[in-house]
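As structure tokens, the structure follows; a few thoughts come after it.
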Amino acid sequence: MNYVRAIAEDANGMLWLGSSEGLCIVHPDSLMAGKEGRRFSFNNRLFCSNEIRYIYQDSKQRMWVGTSGAGLVLCSLEDNYQQLNFRQFTTADGLVDDIVHSILTDSLDNLWIATEYGISRFDPKAESFESFFFSPHVSGNTYQESSACAGDGGKLLFGTDYGLTIINPNTLPVNSGFSPVVLTRIYINGSPVSPSMKDFPLENSPAYSDLLSLKSYQNSILLDFTNLDYTDNKRTQYTYWLENYDNTWSTPSHESTATYKYLSPGTYYFHVKASSGIGTWNDQVTVMKIVVHPPFWQSNWAICIYLLLIIIASYTAYRVIFSFNILRTRIRIEEQLTEYKLKFFTNISHEFRTPLTLIRGALEKMQAVADVPVEMSSPMHTMDKSTQRMLRLVNQLLTFRKVQNNKLVLSLEETDVVAFLYEIYLSFGDVAEQKRMSFSFQASVPSYKMYIDKDSLDKVAYNLLSNAFKYTPEGGKVQFDVTVDEESHQLFIRVSDTGMGVPREKQGELFSRFMQSSFSHDSIGVGLHLTHELVTIHKGSITYAENPGGGSVFTVCLPTSKDVYEEKDFLSATRLTKEQTAGEATDNLSADNDADSLSSAAPDASFLPFTDEERVQLERATGPLNQRKILVIEDDPDVRQFLQDEIGAYFHVETAENGLAGLEKAREWEPDLIVCDVMMPGMNGFKVTYRLKHNFETSHIPIILLTALSSIEKQTEGINAGADAYISKPFRIKFLLTRIFRMIEQREKLREKFTNEPGMVHTAMYNTDSDRDFVDRMNIVIDANMHRPEFSIDDFARQMKIGRTAFYKKVKGLTGYAPVEYIRILRMKKAAELLLSPENLNVSEVSFRIGFTDPLYFSKCFKMQFGMAPSVYQKGGKPAEEE
């Protein structure tokens, strides 16, 4: 322990050592032996302070410890000096200062504690303090550390920075009374106030007033006070406290003024008291109430007005918010109703595709008849045009729905835009002729290629021309102009007419959704709104102007540079799967294309293996042309019967009225191909396709989906489910039959190629990874057992870990061969490989290696498959070509 500053011995002969590291208690013998005592410090949480200034034992054997900062401490030990109990006395208890330098006792057992500033007399019985300041100088009241002793006659001597202070507790004068502290003068904002002044803030003079009333701007004050004791020889000290402003009493001083600046409005209480010449404080406190009144805008009546205004404003805001909420609720309800309406019409539009399919199918059958009466040609032509028009309306509503849901995306492809627009112009020739109108097309260039979204631009041009013809009377004029501006890299499409035009008050709302025209109250502007949205998505603009000769002029401006578009806007192979690309002709028949493209994109009759006349004869036949089996899953009875009649002329057809029945029929009947509708109750076509493709027994069956959902998202969903083709309604039956023939024909050609070519290793078009794994495992098993003549189908199925019946169906469905035929074909291919191997094996050795016990039978089978004897093939002969 270093820096020992105090030493004392207690009644038990133990030494108490006080240092800057706490308190240490040790026996002298132990100390001489070099042993450490018991330490108590603030660091080990056993004492209240580390700085010990003085240790004192009183007449009652009590140990008092003076600390630096922790005040006076009464200590007692227990448990053989292992536990220290202590009690603190600080300035909060009345001690004059918390830095204790020395301690003495008088004849009455009172403790006299000399501190850093002043002396306190402590009565241990009453545990009360009385403080004294014996010198008028600050240095005379600052006592030195451990500078104290008791003199003769009970005198107490304390050393200070200003000399020696000698106290005789027995002769210490006692004040019989204190002079009261009175306020003598008040300064407001630096100026003294007197009763003679106007607006004097006191009722009487400061000494006789207990209330000081100030205005809001009179918030800086200075108070003079005194105790009226003229015998204190400047030893009197004052302390004061402004309640509601100060936290505690001020430091005692001889100064008799108190200053406060910038008081906030409110009520304060100024307390002041004084000490006697020997440092005894008067218990009598002088109090003055100080009120700083708030400004008028903070007064009570102003606050009441504010509250009233707040209540009025809150009520008004509540009414406004309530009205807005009602309006917002109405708008939300209107939006929901509009959404429900759009959803309803969208669903209805999808349903329209089914009867449109039947109507188109019926028209095709009627048009296929060679001897159609002349008088029926015009009605049939009208029916065909009406079907096309209805399809356009359905497509427009579906596209409008996409625009509202922000799901419409561009599919840009390089196209001759002049030729494209000219074809649209030609489609309105009949309308112009019927209404005896002048209709012309003018282009600034004969041909111009640029990137456009054919579907969007078709709808834009068709809507503008349709409106021009609709609102232009007979004998009028419609002009269709196309202008290419190379300098500004823009394409201008201008449609002008001599019709009724649009009133000026309606022109600002011309492209708004559901804007009703003024000249046809039963017409709503979905078409123009959709046109505006399509042009905007195409990075262009559309404007309206009045025709100088009467009528309307609509001008569409589109950028010709592809740099204005993003990469995702272009139609590329990365945006379509291989299946979607293969069904590109189907997309031309989808709901996103117009009726004209529908007729032009349909497959020609030459794609089918029979002409229309031959087909009519086939319908009269008793059975289908071949034994291929087609399963049709369709919930609509008319469409189901229509497909059964049309496809049944070429194949064996079975039907199912829903998805569950179709799943069961597919497992039992083992079809070669499935045609399935998408929108069906219970289980839709996507789920049916997914379950068929993930079922081992049916995963090899090709599936064609028919649906009114023609968006890219739905097509992608169908392809991801496992569909082999995706055809949108309404479709041409010729196109569907062509797809069926081509898919079956492709499988047949692959099977024949596998049979006749020795090096051909694949035997099927794998639809799923599980089918590929199954065929690979079959080939491994056959290769491992090829040398065994006794290798049977039961052995084969057992090693494939599948039942014989299911195994037979799966092999037949995947390869087109029965298991026995498939084994024989692979043995012949292996034989062809061995015949050409460097081992130079003869025919008998080869036959034995592939499991044939009779070389003659092996030669017969080899010649049947490859068209030549094994010996000829071994000498380099070529198989006979297929007839």
Side-chain angles (χ1 to χ4, degrees), residues 352 355-357 359-369 372-397 399 416-443 454-482 493-500 517 519-520 522-523 526-528 530-531 547 551-554 556 588-589 591-602 604 730 732:
F352 283 163
L356 282 174
T357 300
I359 293 172
R360 292 203 63 86
L363 282 173
E364 289 179 7
K365 292 185 69 174
M366 294 170 64
Q367 292 171 351
V369 178
V372 177
V374 177
E375 57 272 14
M376 292 297 296
S377 298
S378 179
M380 290 174 59
H381 181 67
T382 301
M383 291 172 61
D384 187 55
K385 288 183 60 177
S386 299
T387 304
Q388 296 176 13
R389 177 177 174 80
M390 189 172 182
L391 179 60
R392 276 189 175 274
L393 294 175
V394 170
N395 294 340
Q396 180 168 291
L397 186 56
T399 305
D416 186 346
V417 65
V418 176
F420 178 78
L421 294 174
Y422 185 72
E423 290 182 3
I424 299 176
Y425 158 76
L426 294 177
S427 64
F428 283 86
D430 293 342
V431 180
E433 184 177 349
Q434 290 175 4
K435 299 185 70 173
R436 296 187 297 276
M437 296 172 60
S438 174
F439 182 38
S440 60
F441 175 85
Q442 292 183 359
K454 290 184 178 180
D455 179 49
S456 298
L457 188 57
D458 174 82
K459 288 183 174 62
V460 169
Y462 189 90
N463 278 332
L464 294 179
L465 290 173
S466 178
N467 283 337
F469 279 99
K470 183 176 181 180
Y471 300 118
T472 301
E474 292 187 5
K477 179 180 180 181
V478 175
Q479 179 71 31
F480 190 21
D481 298 328
V482 179
I493 303 173
R494 184 172 179 268
V495 177
S496 60
D497 61 68
T498 58
M500 302 178 64
S517 65
F519 43 86
S520 180
D522 59 348
S523 175
V526 174
L528 285 179
L530 177 61
T531 300
N547 198 340
S552 304
V553 178
F554 288 91
V556 175
N588 291 331
L589 295 174
D592 294 333
N593 291 70
D594 60 279
D596 294 332
S597 62
L598 196 153
S599 60
S600 61
D604 189 75
R732 292 185 182 274

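Numbers for residues simply follow the sequence, beginning at 1. What's counted below: heavy atoms across the whole structure, side chains too, no hydrogens, waters or symmetry copies.
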Original post:
With under 30° as parallel and over 60° as perpendicular, where do the rings of Tyr462 and Phe428 fit, or are they tilted in between?
Top reply: tilted
Original post:
What distance do Asn547 atom CG and Asp497 atom CG have between them, rounded to the nearest 0.5 Å?
Top reply: 7.0 Å
Original post:
Is the closest side-chain heavy-atom distance between Leu528 and Asn463 below 4.5 Å?
Top reply: no
**OP:** Please say whether more than 12 non-hydrogen atoms of neighbouring residues, nucleotides or ligands are located less than 6.0 Å from CD in Glu433.
**Re:** no
**OP:** Specify the closest pair of heavy atoms between Pro473 and Gly499, including all atoms of both residues, with the distance to one decimal.
**Re:** CD-CA, 4.0 Å
Original post:
Does the ring centre of Tyr425 sit less than 6.0 Å away from the ring centre of Phe439?
Top reply: yes
Subject >> Side chains of Ile493 and Phe554 in contact at under 4.5 Å (non-hydrogen atoms) >> reply: no
Original post:
Once you round to the nearest 0.5 Å, how far does OH of Tyr422 lie from CG of Asp416?
Top reply: 13.0 Å
**OP:** Could you tell me the separation between the CG atom of Leu464 and the OG atom of Ser552, rounded to the nearest 0.5 Å?
**Re:** 10.5 Å
Original post:
So Leu457 and Leu421, side-chain contact (heavy atoms from CB on, under 4.5 Å) or not? Walk me through it.
Top reply: CA-CA 9 Å; Leu457 188 57; Leu421 294 174; 4.2 Å; yes
Subject >> Heavy-atom pair with the smallest gap, counting every atom of Val418 and Ala443 >> reply: CG1-CB, 3.9 Å
Subject >> Check: Thr472 main-chain N/O paired with Lys435 side-chain donor or acceptor under 3.5 Å >> reply: yes
Original post:
When rounded to the nearest 0.5 angstrom, what distance separates NZ in Lys477 from CE in Met437?
Top reply: 11.0 Å
